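Below is one structure; the comments refer to it alone.
Worth saying up front: this structure is predicted, and the values here are computed from it rather than measured. Labels below follow one simple rule: chain letters A, B, ... track the order of the sequence lines, proteins then strands, and each chain is numbered from 1.
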2 protein chains.
Amino acid sequence: MLNYSVSEENYIKAIFHLQQQDGTVTTNELAGELNTRPASVTDMMKKLKAKKLVHYQPYRGFRLSAEGSKVALGIIRRHRLWEYFLAEKLKFSWDEVHAVAEELEHVSSKKLIEKLDEFLGYPKADPHGDPIPDVNGKIEHYSYQCLASLPANKLVVVSHVSNQSNEILDLLKHKKISIGTKLEIKRRFDFDDSMEIKIGRQPVFTISKQVAENIFVKIN
Amino acid sequence: MLNYSVSEENYIKAIFHLQQQDGTVTTNELAGELNTRPASVTDMMKKLKAKKLVHYQPYRGFRLSAEGSKVALGIIRRHRLWEYFLAEKLKFSWDEVHAVAEELEHVSSKKLIEKLDEFLGYPKADPHGDPIPDVNGKIEHYSYQCLASLPANKLVVVSHVSNQSNEILDLLKHKKISIGTKLEIKRRFDFDDSMEIKIGRQPVFTISKQVAENIFVKIN
DNA sequence: AAATTATTTTAGGCAAAGCTAAAATAATTT
DNA sequence: AAATTATTTTAGCTTTGCCTAAAATAATTT
Ligand SMILES: [Mn+2]
Ligand SMILES: [Mn+2]
Ligand SMILES: [Mn+2]
Ligand SMILES: [Mn+2]
């Protein structure tokens with residue numbers, strides 16, 4: 001497998017994430033995502049097309065080729081393994097891991113990543129609950145349910161948080177909710193869709209609709 | 001403290017190492033060290049001079065400024081901490097750590113390095129026995145003695161190996177010599193300056209002059 | 001002290017990755 | 001169906017870091 005520049009890798013990864021939603025990605029979308037200019041995106045798409053990493057016809061948008069997806073999954077694997085390392089071993093807080101992993105993901109030693117994976121005990125998910133692709137780029141897609149969509153009297157395990165901002169981290173930290181936390185939905189209020197939640201034997205507390213919409217859970 | 005490009009950092013670090021011996025570094029020396037062309041070195045020296053990281057007068061060679069040395073020690077700190085991590089935690093062999101650390105050293109998060117240092121237990125030396133600068137760039141200079149220069153009947157501890165090639169690693173691994181190994185010099189032969197060495201209760205074995213010249217030890 | 005050789009610098013270019021402004025194309029209104 | 005607006009691409013320029021070949025300077029021989 002060839003080696004790609006930091007810039008190429010950042011583009012490839014961004015396309016991968018954007019096309020999860022939309023299927024096909026537009027020039028403006030990608031420029032927005034990467035804080036760059038549409039003209040720069042067009043330049044890079046020509047290059048990635050020449051390298052057969054994207055399918056691209058002028059004005060028609062683009063998506064990763066099979067090869068491009070494989071490359072993307074490699075980058076995502078590195079990113080998430082480093083995030084796990086930073087959180088688990090170096091005790092970085094949840095919102096700090098991403099920026100550093102954004103740099104570490106580009107260190108291109110196959111052996112490094114395999115040894116790191118082994119050292120970490122082959123973790124399945126990063127600190128945000130996102131699954132870590134295996135050596136072959138295979139990724140497990142769990143079907144999580146959004147906490148906001150569940151009725152009262154359910155016992156669930158927090159598995160993923162879709163918003164990764166400082167602000168939600170701050171709130172979740174305060175409420176002592178993190179990946180793996182077991183929650184019990186005690187009540188739902190139709191007025192504002194807020195819910196009352198219990199963790200273990202601790203007193204019940206309330207979370208808003210906005211929070212519940214960002215928490216994804218496995219039902220126990 | 002400002003941020004420097006990967007290229008700038010590689011130049012700064014190379015100058016630091018070269019000037020340890022010579023005091024002042026020449027264009028050709030640095031080009032040789034970095035596998036680049038003299039013309040490229042001149043270009044970079046102009047830039048580093050403009051940034052006040054080197055003292056440089058055309059045709060007169062160059063050396064790091066105080067600020068340049070501080071930057072260099074920061075890079076060396078990162079490099080050696082990563083080498084320690086790779087060897088100690090990921091079980092990389094001695095000759096593999098350098099290449100990977102050469103990339104990792106450029107990841108520029110202050111917090112990452114301080115947390116890593118803490119996680120590793122504030123190691124004093126990298127796997128090759130080279131001292132790791134502290135947060136302030138302070139580096140301990142031990143006065144090691146070259147094994148080749150010592151008489152018979154000395155008990156010593158291997159502290160540094162000056163040659164970091166695959167070949168010497170292979171030999172030392174086979175002879176079970178590594179940093180921290182306690183050696184006893186049993187005999188020296190004037191004919192070829194080879195020496196007979198004992199490790200613990202294992203049988204005596206011989207090392208050549210060339211090997212002994214690359215091993216540096218503390219006398220016990 | 002010249003002449004020769006070695007080293008270093010300058011001049012001029014190239015590729016990667018970004019930018020702005022203008023042109024081309026597509027999508028949406030009227 | 002035009003006209004207008006939005007999106008995308010092209011053209012042309014910039015910076016960084018590298019290169020080769022030629023010119024300048026320094027060091028060494030003769
Ligand atoms: Mn990145
Ligand atoms: Mn993540
Ligand atoms: Mn390096
Ligand atoms: Mn080392």
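Across all strands shown, C/dT20 forms a Watson-Crick or G-U wobble pair with D/dA11, both key distances being under 3.5 Å. Under the Watson-Crick and G-U wobble criteria, each requiring two contacts below 3.5 Å, nucleotide C/dA26 is paired to D/dT5.
Along DNA chain D, the nucleotide closest to B/M44 and the one closest to B/A39 are compared, and the more 5′ of them pairs with B/M44. Nearest-nucleotide positions on DNA chain C place A/S40 closer to the 5' end than the other of A/S40 and A/Y59.
Within the structure, every side-chain polar atom (N or O) of A/S7 is placed at least 4.0 Å from both OP1 and OP2 of C/dA16. Side-chain N/O atoms of A/T36 include one lying less than 4.0 angstrom from OP1 or OP2 on C/dC19. Taking only side-chain nitrogens and oxygens, A/N28 never comes nearer than 4.0 Å to OP1 or OP2 of D/dA6. In this structure, A/K46 reaches the D/dT10 phosphate: one of its side-chain N or O atoms is under 4.0 Å from OP1 or OP2. Side-chain N/O atoms of B/T26 include none lying less than 4.0 angstrom from OP1 or OP2 on C/dT7.
A cation-pi arrangement is absent between A/K49 and A/F62, since the terminal nitrogen or guanidinium carbon is not both under 6.0 Å from the aromatic centre and inside a 45° cone about the axis.
Ionic pairing of A/K91 and B/E118 is not present here: no N-O contact between side-chain nitrogen and carboxylate oxygen is shorter than 4.0 angstrom. Between A/E9 and A/R78 a salt bridge is recorded (basic side-chain N to carboxylate O distance below 4.0 Å).
Ring pair A/F85/B/F85: centre-to-centre distance below 6.0 Å.
Contacts of B/F62 with the nucleic acid, taken as non-hydrogen atoms under 4.0 Å apart, are absent. Among the protein residues, A/Y11 comes within range of the sugar-phosphate backbone only, with heavy atoms under 4.0 Å from sugar or phosphate atoms but none that close to a base. Heavy atoms of A/P58 sit under 4.0 angstrom from primed sugar atoms or phosphate atoms, though from no base atom. Heavy atoms of B/T42 sit under 4.0 angstrom from at least one base atom.
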